[in-house]
Amino acid sequence: MTRAPHPSSGPKYLRGFSKGADGPLGRGSARGRAPSPRFTRRTWLKLIHWTTVPFFVWFLLVTPAHVASWGWAWVELHSVFGLVFVSLALIWTADLVIRGLASRPGPKLTGAARAIHRPLHLALIWGLFGVAFTGFLLGLTASRTLFAGTVLPIAPPLGLPEANRWAGTLHTVEFYAVAAIAAVHVAYHLWRHIRLRDNALRIMVPRALHRFL
């Protein structure tokens with residue numbers, strides 16, 4: 001009785017076709033079991049990035065005075081949006097602290113454009129953290145317990161009206177400062193895409209939008 005050849009032996013064009021092999025009919029092949037997609041750090045940060053954007057635009061356009069005039073349901077929704085926004089900002093900041101800045105300057109960036117790359121991205125992330133922190137100060141200095149998302153107490157109220165006014169001013173200034181940084185961030189990446197024709201914008205936008213870039 002002759003022994004069947006081992007799958008790894010024989011002509012190269014036949015190798016990997018046996019059952020269970022890592023080949024066209026085995027693991028990782030189109031007709032076999034497809035490999036599971038990797039949820040990379042880049043994918044995770046893109047998710048945080050683009051989930052943050054609509055909430056940021058909401059708070060840029062809608063103030064507490066607006067929702068107060070619209071009714072209590074809008075006030076509650078505004079509060080829930082705030083909790084989600086702050087949670088995203090804190091997660092993004094935690095990723096930065098633990099793993100460092102993910103964004104790297106591309107090879108086409110030179111001179112001043114390359115020099116501002118890191119400070120611009122750090123300012124944006126730490127600015128978002130500052131918005132969350134000054135919101136915490138608002139709750140801490142309030143005369144009553146303020147809730148995020150109508151369920152989570154922001155901080156134990158200390159009843160410091162003067163400090164609360166300062167915290168409110170700081171919170172507002174911080175938010176609009178971050179809005180200015182975000183505008184520079186958008187203009188910077190549009191300039192890179194139009195002038196340098198690098199892939200920075202394609203890396204960050206969802207894959208479905210790549211055909212428009």
Side-chain angles (χ1 to χ4, degrees), residues 39-103 116-189 204:
F39 197 69
T40 63
R41 185 188 183 199
R42 177 181 292 178
T43 304
W44 170 251
L45 290 176
K46 284 172 66 173
L47 178 62
I48 294 176
H49 179 281
W50 291 110
T51 305
T52 303
V53 169
F55 292 103
F56 189 82
V57 174
W58 170 270
F59 289 111
L60 193 61
L61 301 177
V62 180
T63 67
H66 289 135
V67 294
S69 65
W70 297 344
W72 182 249
W74 286 100
V75 173
E76 291 184 330
L77 182 64
H78 192 75
S79 179
V80 170
F81 284 177
L83 177 59
V84 175
F85 179 78
V86 166
S87 299
L88 291 168
L90 294 179
I91 292 171
W92 203 347
T93 308
D95 178 85
L96 171 67
V97 172
I98 295 171
R99 307 182 68 178
L101 185 65
S103 181
I116 69 172
H117 177 274
R118 181 177 176 84
L120 179 60
H121 287 80
L122 289 176
L124 183 61
I125 300 172
W126 282 112
L128 289 171
F129 173 79
V131 172
F133 181 71
T134 53
F136 168 79
L137 293 181
L138 268 174
L140 184 66
T141 57
S143 57
R144 59 183 178 85
T145 303
L146 301 182
F147 291 86
T150 71
V151 293
L152 182 67
I154 295 176
L158 300 180
L160 304 172
E162 185 64 25
N164 187 255
R165 282 192 290 271
W166 278 103
T169 301
L170 183 60
H171 184 67
T172 302
V173 170
E174 174 74 14
F175 181 81
Y176 287 105
V178 174
I181 295 171
V184 174
H185 175 79
V186 171
Y188 177 73
H189 282 288
M204 282 308 299

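All values below were derived from every heavy atom in this structure, side-chain atoms included, with hydrogens, water molecules and symmetry-related copies excluded.
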Show me, pair by pair, the donor-acceptor contacts under 3.5 angstrom made by side chains of residues 175-184, not counting sequence neighbours?
none

Note: L45 and A102 closest approach over all heavy atoms is CD1-CB, 3.4 Å
S79 and A148 have their tightest heavy-atom pair at OG-C, 3.6 Å
Taken in chain and number order and not counting sequence neighbours, the residues that satisfy side chain to side chain donor-acceptor pair (under 3.5 Å) with T40 are T43
Those residues that, when tested against T93, pass side chain to side chain donor-acceptor pair (under 3.5 Å) (two or more places apart):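 Listed in chain order: nothing, the list is empty.
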According to salt bridge (charged side-chain N to carboxylate O under 4.0 Å, His left out), does anything in [range] pair up with another residue at least two apart or in another chain? List the pairs.
range            : result
residues 151-171 : E162-R165
residues 49-76   : none
residues 125-138 : none

Quiz: residues 121-134 side-chain donor-acceptor pairs under 3.5 angstrom, not counting sequence neighbours:
from, atom 1, to, atom 2, distance (Å)
H121, ND1, H117, O, 2.7
H121, NE2, H189, NE2, 3.3
T134, OG1, G130, O, 2.9
T134, OG1, V131, O, 3.0
T134, OG1, H171, ND1, 2.8

Sorted by chain and residue number, the ring pair (Phe, Tyr, Trp, His ring centres under 6.0 Å) partners of W74 (sequence neighbours excluded) come out as W70
Q. Of all residues at least two apart in sequence or in a different chain, which pass the salt bridge (charged side-chain N to carboxylate O under 4.0 Å, His left out) check with R118?
A.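 Partners of R118 by the salt bridge (charged side-chain N to carboxylate O under 4.0 Å, His left out) criterion come out as none, since no residue qualifies.
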Distance-only donor-acceptor hits, side chain of residues 52-64, under 3.5 Å, sequence neighbours excluded:
from, atom 1, to, atom 2, distance (Å)
T52, OG1, I48, O, 2.6
W58, NE1, H78, ND1, 3.0
T63, OG1, A65, N, 3.4
T63, OG1, H66, N, 3.4
T63, OG1, H66, ND1, 3.1

Show the atom names and distances, to 0.1 Å, of all donor-acceptor pairs under 3.5 Å that link a side chain in residues 85-92 to residues at least two apart or in another chain.
from, atom 1, to, atom 2, distance (Å)
S87, OG, L83, O, 2.8

So side chain to side chain donor-acceptor pair (under 3.5 Å) across residues 141-160, not counting sequence neighbours, yields T141-N164
Requested in this report: Could you tell me the separation between the CD1 atom of I154 and the CG atom of L152, rounded to the nearest 0.5 Å?
Outcome: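 Rounded to the nearest 0.5 Å, the CD1-CG separation comes out at 8.0 Å.
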